[in-house]
Every structure is written in structure tokens, then in C-alpha cells.
Amino acid sequence: MSAEQQHRDGQAADPGPRSLAQALRERDDASLGALLRSRPDLLHPVPTDVTQLATRAGTRASVLRALEHLDRFALQAAEALAVAPDPASYQELLDLLAGDDGDEEVAGALPATVALLRERALVWGGEDRLRLVRTARELLAPSASHSSPTGLGPSVAEATSGMSPGRIQAILTAAGLPHTHDTVSAVAALSGLFADRERVAELLEGAPEASREVLTRLVWGPPYGQVTAEPAAHLRWLLDRGLLLPTTPGTVVLPREAALSLRGGRAHRVPEPTRPRVAVAAERKPQVVDAAAGGQALAALDTVEELLRSWDEGGPAVLRAGGLSIRDLKRTATVLEVPEPVAAFWVELAYAAGLIASDGGYVEEHHERHDRPDADAEGYEDEETRDARTRRRSGEAEHYAPTPEYDAWRDLPPAERWAWLLEAWLPGTRAPGLIGGRDGRDRTLSALGPGLDRSPAPEVRRRVLELMAGLEPGQAPDPATLLERLRWERPLRSAGPRREQPEPPRTGVRPSYGGGVAANDPEALRTKLTEWALLEAEMLGVTGRGALATHGRALLGAEGRSEGAGAGTAAAGSARAAVVAALLAPLLPEPLDHVLLQADLTAVAPGPLVRPLAEALGVLADVESKGGATVYRFTPGSVRRALDAGRSATELHAFLDRHSRTPVPQPLTYLIDDVARRHGLLRVGAASSYVRCDDESVLDEILADRRATALRLRRLAPTVVAAQADPRTLIEGLRAMGFAPAAESAEGDVMIARPHAHRTPPRTPPAPVPDGPPAPDATLLTAAVRAVRAGDRAATAPRKETPQAPGGLPRTSPADTLATVQAAAMTGESVWIGHVNAEGAASQRLLAPLRVEGGYVTGYDHTADEVRTYALHRITGVAELADEPDGAEPAR
């Protein structure tokens, strides 16, 4: 027995429910919970009863969101129902999708698809009376101005609704049909003709070749065409027989019944019941993939650390509109030695991880305004916002800088630092690849600026990794087939109907990073998000050589477990990070506590260094090259930098001897001693400034040097020279002349120049902009279903007739209200009350009073399914329940 026959046999013969509300009311709790899980927007706020739930499920915004989350075949089924009779039988739907020749794949996939549409409350009704919800039909059915997404136009009855009876009878005559006595029977006869495949074929046998070519162009959509006041003969032939019907002046349409006959009964050119398979582009050993991913993860950590280190004393300024300037982004890219779009990704990642922020709160002010729905757009202003406003008024520049979280982050083990970054990347909605493009107002999108949030980004990112996890370990997916699979799972609907046409051939996807995407092109955005997800995963080390690494699979597995227990909680994120860090740790090399000193004044670090060694070596030497091994070069300037930081020559010699696995080369020893011997020989202080030196010949040499002219030096004593430049300028000028001066304090002591780390005040990372409400957990679903059931029982309980206030609330006098609730409290019966809360919101409640005292009534509220207390002066009236029929149970 086929799946389609099993589906028909398993359905009842009765016509089914008469409304969507009745269909939802007949569901069990598990099915109702599945609806709320698949459409979480229905839960905010929780509906009071099933009728309100059905009403909300039929609103335009909710239906649009539900349609956008259907796969391609489910959307094709909904589109077919939109052009089918209302209601339609299951067989009619199958015929529209499978066509006259039938399709086993369609027949096998359709029962599950119809069940899915029913579960999501887009379709309701019995087996022979399938109904698409009215809003979905309005969205997907053809109108006078555009066709259906299937490419079908209006039916004969819809297209001839304004046509004169004489014209309709003339069409019948030209089509070879007998005259009728009324328009209704004439339209039915013409519809029957066009729905009959054989009669349509016979009619077209006598058509001119040009007429058949016109029908071929219109049959798969769009079905509309333009004609002149005097159409050509081949068009006149079609107009006379009703194969083209006028809709507006100068516009004609191919009626739906004729198009379906020419299509062989198919609503779609190519039904797609089977999800595309993700092809394998390359296959590698899992160990090779893990090793490559581990190397990329280590490189990612080095890049982020280098970025934060370069901004440690204060980063670039914040633009007035928020974000980095193009010049600052170029400088950052130069420091990181990466292209500008890649540098923008690392900057955005550090920002999303909460490691960098604005020190004045300007960017945070922008996000507060847009991320807090409860904030007053005009009056809301927190302390940080006021501080930022004060700084702008005073002219004090705002800069980006590391946050206090950076200090905590860099003290973690490497694997945990990497997991921290992944926790920010995976759910983040900011799309760094958009930087450099233009927004809807033709403004340039800048790094760290507004306008980069794209709510589909985390879903696309996560789904890309899930599809890669579906392959065998070590297999790298083909990007083109991966993109095609995502398009099947989420076929985006544009602002207008989708034109039914064959897919263009796809030869592959060429990944690129950066650049703009049109604001009104969701398909192009989805394509770019997919490409960016693949590239970012490779740069971060989630994948290695195109395949998902072991710790990447664990990332998805841990995330799936945490979602079931309440996704988004701090505990879930901590558990996920711990699992991933434990798997990544063996792939990362252990930090080294030594270097290899070379005779050419270089030091080679054969791997990552422990933090104290790396920081000290970064002061004493300059980084010459990076890679598998880092090369440091010692120069007079770098040694002087270490001496300025307070190190003595003896300490430097001991440091190198302690951390070098090779003997300290003699040239390096001489370099340190030579710089140290000259360091501090000259002393610079503030007079405006002065230079003093115990060696008079050195001062003679300085005064004789032409390069000292700009410093305007004047000798005050044999060992003291005054200058009109400030101490900093004087020190830089003397160093440019080849000397090694040191600054001194007012007491004559050498001043040690230590780097000043600049930190922002405590900042929270930017919150992702969600694509709709979050998915509810099991506890919320259970409570919501219980509340809806309780409210529905209360709403459907019969009641006696009573005067009503506006809005349908019962209306009784205060004395009658008090007497009725007191009587109900004594007898244990339930009553209907109308209630107006402190905000003026009115509602009806089914209440079983338990106690009446002090101007309040306390009872069990069947509508809320809990005990509540209401003030008597806020009760508009009371209505007693109607007598229950024999055998019926009262509402509980």
C-alpha cells in the first residue's frame, strides 16, 4: 500500500472541524505544545484561550513568519492549496503537486508535509475539506496585479467577474460551446472546457502557431501580458475563445484552469519533495583536519591578542555616528598583517566577546536604544549615556579600548580563551562581511558601527555547521550543494510573489569576504552569510582544511543538549565551553618558557611562549616575523625601551641567560652593554627643559650638531644645557641624533617609563538581535498549554443571560455583585465576573469564590488556573452559569 493510500485510509470520513479554533480545541496537549514550539511568536503574551490562539495564528505577521520557516516542498504544498478550490480534498492537492502522470516521490512525501502544515496551524480541516488559513491564502493566491508564486493567474470565474453577459456568451460560441441562460452557467461551462485536457488539446489544434507560442510563454508564469487596442490576429484568436481574458485595460491573463491543462495538472514546474544532498568536495584524515583546525585556533588567539595589545594604551577614536574610520581600520589591518575585511572580522569578534568597547559609552548608547524594547526612545538615558553626552560636549575624544574582561580573558588557558570567542561568534547577529558596503540610506557601513545586525546570521551559521557535521569525519562539503540545501530548507520569499521558473545552472560558489549586499535582496544575503560562515569557521579553527573538526562537532552536540535544558543560560554556555575547550586543549601546543638566541641578534620562539616571557621579550625585542615560529630582533631601540621600562643591564643579561636554550651570543651582550653604558648619561628635566651631563665633551658634541638647531639649546654651565622645547620633544630630538637620554624627576632621579594600560569602564557585550522571540523551553510550554486549556474551559462555560457593559462584560449593581459572590462562596459554585484592572484593561473571568471580606473576593480563577484575589469595586458585574444538561459536568 502506498504512503498516499495509507494517509487517506487513516483519516476519518467526516468533514472535520468547522473553524481553526475548533481544530485547535480538538488537539491534545502534546500537539498544542508542538504548535507553540514551532511558532513561538504565539506565546507572547500567552493566549487567554484557544479562540485567541487561533486568532493570533491567523494574523498577517505570524503567518508570514510561519511561511518563511517552511522548507521548499511544504511551501509548494501551501502554494498549491492557495490555487486549489477552497476547501480542497487531499486528492486534489496531490494532483496539483504530482500532475496527471503522477509522482511517487511527491506521493510519498505529501502526507508528512500536510501533517507539518496542520501542526503549524497553516492548514486545518478534514481529509476531504483541507483549508489553508485565510491570511495564507491571501498572501499566496493570485490577485489582479500579480500572479501566484506558482505562476498561475486567477480562475475563469475571477477573471470574468466584471465582464458583460453578452461578451461571455460570445466567448462560448467561439469556443464551440452552446449558449446558456445565465452568466453563472456560462462561466461554469467555460471552466469545465479549460479543465478538460482533451478538449483543450482539440481546441488548440486549430490555433495559429503564433497563438500557441504565446501560450507557451505564459503557461509557467507570469500569466499576464499586454495587448494593444487592436490586437494582432493570433492574439485575437486567443481572446475570442477566452484563452486570454482581460483584467485591466491593456492587460490580459491566461486563466488558471487553462494553464493547469497546458501544464499537465502541475501547480509547479519542478516539485521538490526531496531535500538536496550535500556533496563531498574532498576527503581527508580526521587527524589532519583536527591538526589544521588546532593550528588555526592558535593563530586566531594570537591575532585577537595582537589586536588587543595594540589597543592596550587606548585604541582608535569613535566616529560621531559610531564605529571605526576607514583610516583606523587600515592601520589595524597593517598591525595584524591581514586584509582589511579580515581585520574587520577580528575587531567585530573581539567586540562581540566583550573584550573591547568604547570608553565613553557612545556605541553602547546606540545599542541600548535599539536593543531595549522597554526603553523610552525619547526619555531614556542611563548614567553611561549622560557621561558620554558630557564628554562630547566638553570635547573629550572617545576611543575604543580593552574592557576589564580582557584581563580575565588573557589569564585563561588557550583552549578556554578560544571557547570564549566561539561563545560570542556562534549566536552573534552582527555580520562583519557587510563592512564597506552601503545600507538602505546609502551610508557606508563601518566596523563597530550600527547597521551590521542581520537576524538570520546565527541560524545560517549554525545550520552550515550542522550540515557539515552530517558528513563523515574528515569530509569537506561542496559549497554549492551546501548552499542549495540551505535554499531548500529556507526558500526565502521576496516582497512580491516568486516567479516559477527553472533554476539557473550552478557551477560552484566562489567564497569571498567583505563587500556590500543589497538591503532588499534576502537571497543574496543568505548566500553571503553562508560563504562568510564557511570562511569564519576556517579562520577560527572550527573547521580544518574545509572539514568540521572534532571540537566543532562537540560544539554542536553540547549546544543541542543545552537547548533542551534551557538554551541561552549562563550555565548552558559554561557547559558548552567546557566541553569544547577540553577537546581542543590536546591540539594546542604547550606554552614554552624558553627561546633560541641567534648570533645575528635574533631570538626564535619555536612555539607559543608563556605570558610573562612573551610580555618581557616583547619589550626587549621587536617581532620580525610570525608563523609556526616567531622571530624577535634585538635593536638599540628595543634595548633602550627595556631600559626605559626600569630594567638594568644586569637584569637583562640574567633574563636572557635564564630563558635561552642556547648560549647568549657575544654580539647581543655587547649591544646591551653599549646601550646601557650610554643610557642615562644625559639627563633631561623640565625648566622648560634642560640637559645635564657629567661629561662636558658630550654636551660640546650636541651643541656642535646642526640637527640640534631646532631644539634651541643654550649652555648654562659646563654640565648643563637649557632648551626651549618640552622634555618629550627634547628626548626624541636627542635620540634622533643617536644619543640615549633618560628623563629625570625634580629630585634628580631617573624616571621609569612604563606602558599605561587603558581600560574602559565595565561593559556588557552587544546583545544579538533575535529573529523573533526565543524558542520556549519545556517548562514554559507546559505552563502555556495549561493556561490556554484553563482559559478555554472558562470561556466556553455556559452562562445565564445578564445585562452587559461595553465589551461584553456582565453588568450588575454593587449590591447584586456582593450578594451573588457571597452566595457562590457559600454554595461552592462558579460565577462569571467582569473585571477591570488598574491599567484599565477589561477581561472576563470564571471564578469559584472561596472568601469574601474586606472589599475583596478570593477564589479559584478557572481562566488563570490559580487562586486569585480581586477588589470588589473593580468587578463590573456577575453572571451565574447556566444549568448544565443532564450528565454534563460543570467547568472546573
query: Should Leu452 and Leu445 count as side-chain neighbours, where that means a heavy-atom distance under 4.5 Å?
result: yes
field: Polar side chain donor-acceptor pair, Arg438 to Thr444, under 3.5 angstrom
entry: yes
query: Do the charged groups of Arg309 and Asp312 touch, with an N to O distance under 4.0 Å?
result: no
field: Val769 backbone acceptor or donor facing Thr429 side chain under 3.5 Å
entry: yes
Member of Glu538, Glu536, Gln296 meeting the side-chain hydrogen bond (donor to acceptor under 3.5 Å, both in side chains) criterion with Thr543: Glu538
message: Counting C-beta onward and ignoring hydrogens, is there a side-chain heavy-atom pair between Arg39 and Leu35 closer than 4.5 Å?
response: yes
task: Check step by step if side-chain contact (heavy atoms from CB on, under 4.5 Å) holds for Ile356 and Tyr406.
output: CA-CA 8 Å; Ile356 58 173; Tyr406 164 57; over 6 Å; no
- prompt: Say you draw a straight line from CZ of Arg461 to CG of Leu529; how long is it, rounded to the nearest 0.5 Å?
  reply: 7.5 Å
message: Tell me every residue that passes ring pair (Phe, Tyr, Trp, His ring centres under 6.0 Å) with Trp418, counting only those two or more places apart in sequence or in another chain.
response: His551
query: Can Trp532 and Val460 be said to form a side-chain contact (heavy atoms from CB on, under 4.5 Å), step by step?
result: CA-CA 10 Å; Trp532 297 338; Val460 172; over 6 Å; no
message: Looking at every heavy atom in both Pro776 and Arg37, which two are closest together, and how far apart are they?
response: CG-CA, 4.2 Å
- request: Assess whether atom CD of Glu104 is packed by more than 12 heavy atoms of other residues, nucleotides or ligands within 6.0 Å.
  value: no
- prompt: Picking from Val623, Asp622, Val604, what satisfies side-chain contact (heavy atoms from CB on, under 4.5 Å) with Tyr632?
  reply: Val623
- prompt: Distance from Tyr351 atom OH to Leu307 atom CG, nearest 0.5 Å?
  reply: 14.0 Å
statement: Heavy-atom closest pair (Arg485 atom, Leu467 atom, distance to 0.1 Å) is CG-CD1, 3.7 Å
field: Greater than 12 external heavy atoms within 6.0 Å of Asp101's CG
entry: no
field: CG on Asp777 to CG on Leu781, rounded to 0.5 Å
entry: 7.0 Å
query: Are any of the side-chain heavy atoms of Thr630 and Asp302 separated by less than 4.5 Å?
result: no
Derivation of the side-chain contact (heavy atoms from CB on, under 4.5 Å) call for Met468 and Leu534: CA-CA 10 Å; Met468 297 178 73; Leu534 291 170; 4.0 Å; yes
query: How close do Gly294 and Leu584 get, heavy atom to heavy atom, and via which atoms?
result: CA-CD1, 4.4 Å
message: Check Glu68 with Arg65, please: is the shortest side-chain N to carboxylate O separation under 4.0 Å?
response: no
Heavy atoms of other groups near Leu412 CG, more than 12 under 6.0 Å: yes
task: Taking the side chain as every heavy atom from C-beta outward, state whether Thr303 and Phe345 have any atom pair closer than 4.5 Å.
output: no
query: For Arg633, does its backbone N or O pair with a side-chain atom of Gln598 as donor and acceptor, under 3.5 Å?
result: no
task: Taking Arg454 for its side chain and Leu525 for its backbone only, find out whether a donor-acceptor pair lies under 3.5 Å.
output: no
query: Can you name the closest pair of heavy atoms from Pro316 and Leu324 and give their distance?
result: CG-CD2, 3.2 Å
task: Hey, could you give me the CZ/CG distance between Arg266 and Leu96, rounded to the nearest 0.5 Å?
output: 11.0 Å
task: Compare all side-chain heavy atoms of Leu355 with those of Leu308 and state whether any distance is below 4.5 angstrom.
output: yes
task: Could you tell me whether the side chain of Leu298 reaches within less than 4.5 Å of the side chain of Pro589, counting heavy atoms only?
output: yes
field: Least distance between heavy atoms, Arg430 atom then Gly449 atom
entry: NH2-O, 2.8 Å
task: Before giving the answer on side-chain contact (heavy atoms from CB on, under 4.5 Å), spell out for Glu337 and Glu306 the whole-Å C-alpha distance, their side-chain angles and the decisive distance to 0.1 Å.
output: CA-CA 10 Å; Glu337 299 180 356; Glu306 180 67 24; over 6 Å; no
query: Which heavy-atom pair separates Val580 from Leu555 by the least distance, and what is that distance?
result: CG2-CA, 3.6 Å
field: From OG1 (Thr530) to CG (Leu486), nearest 0.5 Å
entry: 4.5 Å
task: Identify whether the distance between the nearest side-chain nitrogen and carboxylate oxygen of Arg72 and Glu484 falls below 4.0 Å.
output: yes
- prompt: Do Tyr400 and Asp328 have side chains that get closer than 4.5 Å, going by heavy atoms?
  reply: no
message: Within the 4.5 Å heavy-atom criterion, are Thr332 and Ser310 side-chain neighbours or not?
response: no
task: Take Arg487 and Glu272, measure what salt bridge (charged side-chain N to carboxylate O under 4.0 Å, His left out) needs, and give me the verdict at the end.
output: CA-CA 12 Å; Arg487 286 178 176 152; Glu272 299 181 66; over 6 Å; no
field: Which residues share a side chain to side chain contact (heavy atoms under 4.5 Å, CB included) with Pro586, sequence neighbours left out
entry: none
Can you give each donor-acceptor pair under 3.5 Å made by side-chain atoms of residues 273-288, sequence neighbours left out, with the distance rounded to 0.1 Å?
unit_1: Thr274; atom_1: OG1; unit_2: Glu105; atom_2: OE1; d: 3.4
unit_1: Arg284; atom_1: NH1; unit_2: Arg545; atom_2: O; d: 2.7

field: Main-chain N/O of Pro413 paired to Glu416 side chain as donor or acceptor, under 3.5 Å
entry: no
field: Between CG on residue Leu587 and OG1 on residue Thr550, distance to nearest 0.5 Å
entry: 7.5 Å
